There are 2 protein chains.
Amino acid sequence: MSALRAVADQSHQQKAEWLDRIHKGDCVSTLEKLPEKSVDVIFADPPYNLQLNGDLHRPDQSKVDAVDDEWDQFDSFAAYDAFTRAWLLAARRVLKPNGTIWVIGSYHNIFRVGASMQDLGFWILNDVVWRKTNPMPNFRGRRFQNAHETMIWASRDQASKGYTFNYDALKAANDDVQMRSDWLFPICTGAERLKDENGDKIHPTQKPEALLARIMMASTKPGDVVLDPFFGSGTTGAVAKRLGRHFVGIEREQAYIDAANERIAAVKPLDRADLAVLPGKRAEPRVAFVNLIDNGIMKAGTTLYDAKKRWAAKVRADGTLAIGELAGSIHRVGAQVQGLEACNGWTFWHYERNGGLTQIDELRRIVRLGMERAGA
Amino acid sequence: MSALRAVADQSHQQKAEWLDRIHKGDCVSTLEKLPEKSVDVIFADPPYNLQLNGDLHRPDQSKVDAVDDEWDQFDSFAAYDAFTRAWLLAARRVLKPNGTIWVIGSYHNIFRVGASMQDLGFWILNDVVWRKTNPMPNFRGRRFQNAHETMIWASRDQASKGYTFNYDALKAANDDVQMRSDWLFPICTGAERLKDENGDKIHPTQKPEALLARIMMASTKPGDVVLDPFFGSGTTGAVAKRLGRHFVGIEREQAYIDAANERIAAVKPLDRADLAVLPGKRAEPRVAFVNLIDNGIMKAGTTLYDAKKRWAAKVRADGTLAIGELAGSIHRVGAQVQGLEACNGWTFWHYERNGGLTQIDELRRIVRLGMERAGA
DNA sequence: TGTTAGATTGAATCGACGT
DNA sequence: AACGTCGATTCAATCTAAC
């Protein structure tokens, strides 16, 4: 039976009462009340078990609004693992034999979740990285900016070969190359972010609709049932309704349920004809000076000059530029030698080639060509 | 002692015999022969073939059977976990208290490895994604193109705060924005890829040197010791030698050892000057405000202002600042008047000069210059 | 009404040092 | 070991207020 026939059939028959609504209650016990093997895809955004100590302040001394909610507190790794295995088992029961599950997390929890999924027999198909265009910075300068989250996509078990993967549609939407395992999306802000009457965010970790849309376009067909056992602000439901999929939400907190119901009621489903393809977003690849060294196009120890050879600076292995004691980025050093506040190092600095001088910006163009292929 | 002094010292004293060479043998038992707390950074690229071929061994050297039913699958996961815990524990013993460890893997093994690391007390600092510009395509069209691998960067334990992270150098190399957790590099191909006389690749998973260079530039200083317990084709050794770091390799197979030794012998180290790491402000010597008064650069009784002249405070002879009854350090008083918890008095307070206002931090720079000349 | 400078904010496991 | 003090630290986007 074709996907479109399935949609038509479903609309003519009695819809199950547990579909397209939010079930209030504990995740595990509510899952146990749902019929087994009834769900095509599960999207789960479980608590991350962040282990935060004191407060964190920005350089301007404002306080970071941390995720310190009661639902994210666990006594130990063992307690978190027990919680994880319980909801994964309950979720597995309601999943169709050819269904798949998506779980999103950060380095705080995703390794534990992934190991538990493997232990319970789920068969990992991909791990997919959500790269954030606008992540929160690292304020103390003690780590890399945490700029991504990880999603695990798995089938019910190794033998499940009949899962849905809309390979050709994804490829067509991705400029006719295969969809990769690293996706670029902004975090959820602006008009999409649910706010209360005071302008405060309703849910601390609302996911962007574009992320859920990509997931559903990849791994579901119109009319499929998508279950979200940690429904929160209801992104899964809103996107499912818009894309002509059924949703099932499970959520404990009434405030989230109310907000999600209101949100979903306002969603207008797309026409069936528009459900075919959803184009992906491309970003201008940003090239940093260090990428020239990474690619071997620029070597540590190379001397750079300004256009009139008034200054000479050496490239160091760490990707900085140095003139004697003066060292820093290509931009800082360019500004310093000229006594200016700012300087575009890409156009200011040159390297020797064929007896003449060439802007290093020329090398950036070469690297950018290579990065574009990767959809940087 | 500065990083450069440390390098110089090390080169003059007797180098330990276990440095800068490949130790042949099993990973765990060889690690147990190395001195404890002797290694600054570990880079580990452990095997992740759960049941694909036969080179996964239990800690007791018995072979894990290649199996595919569910029970044996769990059995092989358990064996892999035991193997993982064994080498992680042995690695932890040789790691300095402020050392860090990098482990790279794919979705087949990285979740198990990450969970084991947390269980053993390693404290995850970041997970870092290596995005491949040129990943292998997915041939069956049943999954997303697997276009990345995951690295876990962790300190020895939660209390280890003194680990090396060259934040300022990375930021300067990255066009003056902080380095993110997603890195873009090509896979190892072309001239860099080791081949045998038949043109076949010598090692199946040779890592690109640019990846290791980024890791070492981020988390080591010149002269540090970098250990690789799964040395393989020796990328870690080649990059360490080029970047003025010591390496320790452990490898079982003689063919890999031979190839790696030949490879490393051909590496030419960079000049020491090109290896300097851009220091941050934290590396600058501390200056107490009272030193300005001691040096006569600042006189008791001087009035200081914030940038907008909203507050005026008087310098007292003991190096404190006072506004009426309110008195304390330049930092405390700056924080108090703004109603904040903290404040950097050096950048907050200004003095009058030539009719305008100048940060007192300018005077600190003068004092530091004097300290440098005195060889302090 | 349009433009621009300034303020706000996002899943955060975010010191060092001397007493 | 616990505690107090010094003082270092942010990117992209949206929202608001001033001009």
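Being a predicted model, the structure only gives us computed values, none of them experimental. A note on names: the letters A, B, ... follow the listed sequences, proteins ahead of strands, and every chain is numbered from 1.
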Nearest-nucleotide 5' precedence on DNA chain C, A/Phe139 against A/Glu149:
A/Glu149

We want to know whether B/Thr100 and B/Trp153 form a side-chain donor-acceptor pair, criterion being a heavy-atom distance below 3.5 angstrom.
yes

Any idea how B/Trp183 and B/Trp102 line up, ring-wise: parallel (<30°), tilted (30 to 60°), or perpendicular (>60°)?
tilted

Let me know, please, whether A/Pro59 or B/Gly345 comes out on the 5' side of the other along DNA chain D by nearest nucleotide.
B/Gly345

May I have the step-by-step check of side chain to side chain contact (heavy atoms under 4.5 Å, CB included) for B/Val113 and A/Phe111, ending in yes or no?
CA-CA 8 Å; B/Val113 170; A/Phe111 303 116; over 6 Å; no

Would you check, one step at a time, whether the test salt bridge (Lys or Arg N to Asp or Glu O under 4.0 Å) holds for B/Lys281 with B/Glu284?
CA-CA 5 Å; B/Lys281 285 189 188 173; B/Glu284 304 250 323; over 6 Å; no

Given C/dA11, is OP1 or OP2 found less than 4.0 Å from the side-chain N or O atoms of A/Ser106?
no

Is the phosphate of D/dA8 approached by B/Asn344 (side-chain N or O, under 4.0 Å from OP1 or OP2)?
yes

A/Ser106 and A/His108: side chain donor to acceptor below 3.5 Å:
yes

Please report, rounded to the nearest Å, how far the C1' atom of D/dA8 is from the CD atom of A/Gln61.
10 Å

Figure out the CG/C1' separation between B/Asn98 and C/dG15, and round it to whole Å.
12 Å

OP1 or OP2 of D/dT10 sitting under 4.0 Å from any side-chain N/O of B/Lys171?
yes

Can you tell me how far C1' of C/dG10 sits from OH of A/Tyr48, to the nearest Å?
13 Å

Roughly how many Å is it from NZ in A/Lys63 to P in D/dT10, rounded to a whole number?
21 Å

So what does A/Arg193 hit on the nucleic acid, given a heavy-atom distance under 4.0 Å: a base, only sugar-phosphate, or nothing?
sugar-phosphate

If you look at every strand shown and take non-hydrogen atoms under 4.0 Å, does A/Pro208 touch a base, only sugar-phosphate, or nothing?
nothing

Under 3.5 Å for both donor-acceptor distances, Watson-Crick or wobble: does C/dT4 have a partner, and if so which one?
D/dA17

How would you label the contact of B/Asp168 with the nucleic acid (heavy atoms, under 4.0 Å): base, sugar-phosphate, or nothing?
sugar-phosphate

With respect to the side chain of B/Arg332, which nucleotide from D/dT9, D/dA12, D/dC6 is positioned closest?
D/dC6

Quiz item: A/Arg58 side-chain donor-acceptor pair to C/dG10 base, under 3.5 Å
yes

Taking any heavy-atom pair under 4.0 Å as a contact, classify B/Leu125: base, sugar-phosphate, or nothing.
nothing

For C/dA12, give its Watson-Crick or G-U wobble partner with both distances under 3.5 Å, or none.
none

Re D/dT10: Watson-Crick or G-U wobble partner, both distances kept under 3.5 Å, found to be none

Counting side-chain heavy atoms from CB outward, which of D/dA8, C/dC14, C/dA12 is closest to B/Ala342?
D/dA8

In whole Å, measure the gap between the C1' atoms of C/dA11 and C/dG15 for me.
23 Å

Give a yes/no answer on whether the side chain of B/Tyr163 brings an N or O atom under 4.0 Å of OP1 or OP2 in C/dC14.
no

Listed nucleotide nearest any side-chain atom of A/Asn146, set D/dA13, C/dA12, D/dT10
C/dA12

Please state how far atom CZ in A/Phe144 lies from atom P in D/dT10, giving the value in whole angstrom units.
15 Å

B/Ser329 has a side chain; which of D/dA8, D/dC6, C/dG10 sits nearest to it?
D/dC6

Out of C/dA12, D/dC11, D/dT9, which nucleotide sits closest to the side chain of A/Val67?
C/dA12

Between atom CZ in B/Phe165 and atom P in C/dG15, what is the gap in whole Å?
11 Å

Has A/Arg142 got a side-chain N or O lying under 4.0 Å from the OP1 or OP2 atom of C/dA16?
yes

Mind checking if A/Cys188 touches a base, just sugar-phosphate, or nothing, with heavy atoms under 4.0 Å?
nothing

Would you say B/His331 places a side-chain N or O within less than 4.0 Å of OP1 or OP2 belonging to D/dC6?
no

Would you classify A/Gly54 as touching base, sugar-phosphate or nothing, given that sugar-phosphate means primed atoms plus P, OP1 and OP2, and contacts are heavy atoms under 4.0 Å?
base

How close or far is atom P of C/dA12 from atom CG of A/Leu50, stated in whole angstroms?
7 Å

Of the listed D/dT9, C/dG15, C/dA11, the closest approach to the B/Lys161 side chain comes from C/dG15

Could you work out which one of C/dA11, D/dC11, C/dA12 sits closest to the side chain of A/Val64?
C/dA12

Given D/dA13, C/dA11, C/dA12, the nucleotide with the shortest approach to the side chain of A/Leu56
C/dA12

Under 4.0 Å from OP1 or OP2 of C/dG10: is there any side-chain N or O of A/Lys201 that close?
yes

Examine distances only and state if a side-chain atom of B/Asn166 and a backbone atom of B/Leu278 form a donor-acceptor pair shorter than 3.5 Å.
no

Applying a 4.0 Å non-hydrogen cut-off, can you work out what A/Asn53 is touching in the nucleic acid: base, sugar-phosphate, or nothing?
nothing

Going by an N to O cut-off under 4.0 Å, is there a salt bridge joining B/Arg214 and A/Asp294?
yes

Gap between atoms CE and P, on A/Met136 and C/dT9 respectively (whole Å)
11 Å

Identify which nucleotide among C/dA11, C/dC14, D/dA8 has an atom closest to any side-chain atom of B/Lys281, counting heavy atoms from C-beta outward.
D/dA8

Answer yes or no: is there a side-chain heavy-atom contact under 4.5 Å between B/Tyr163 and B/Leu125?
yes

Given D/dT9, D/dA12, C/dT8, which nucleotide is nearest the side-chain atoms of A/Asn134?
D/dA12

Base, sugar-phosphate, or nothing for A/Trp130, non-hydrogen atoms under 4.0 angstrom?
nothing

Any side-chain donor-acceptor pair under 3.5 Å between A/Arg263 and A/Thr235?
yes

Can a side chain N or O of B/Arg364 be found less than 4.0 Å away from OP1 or OP2 on D/dA8?
yes

Any strand counts, and the cut-off is 3.5 Å on both contacts for Watson-Crick or G-U wobble. Which nucleotide pairs with C/dC17?
D/dG4

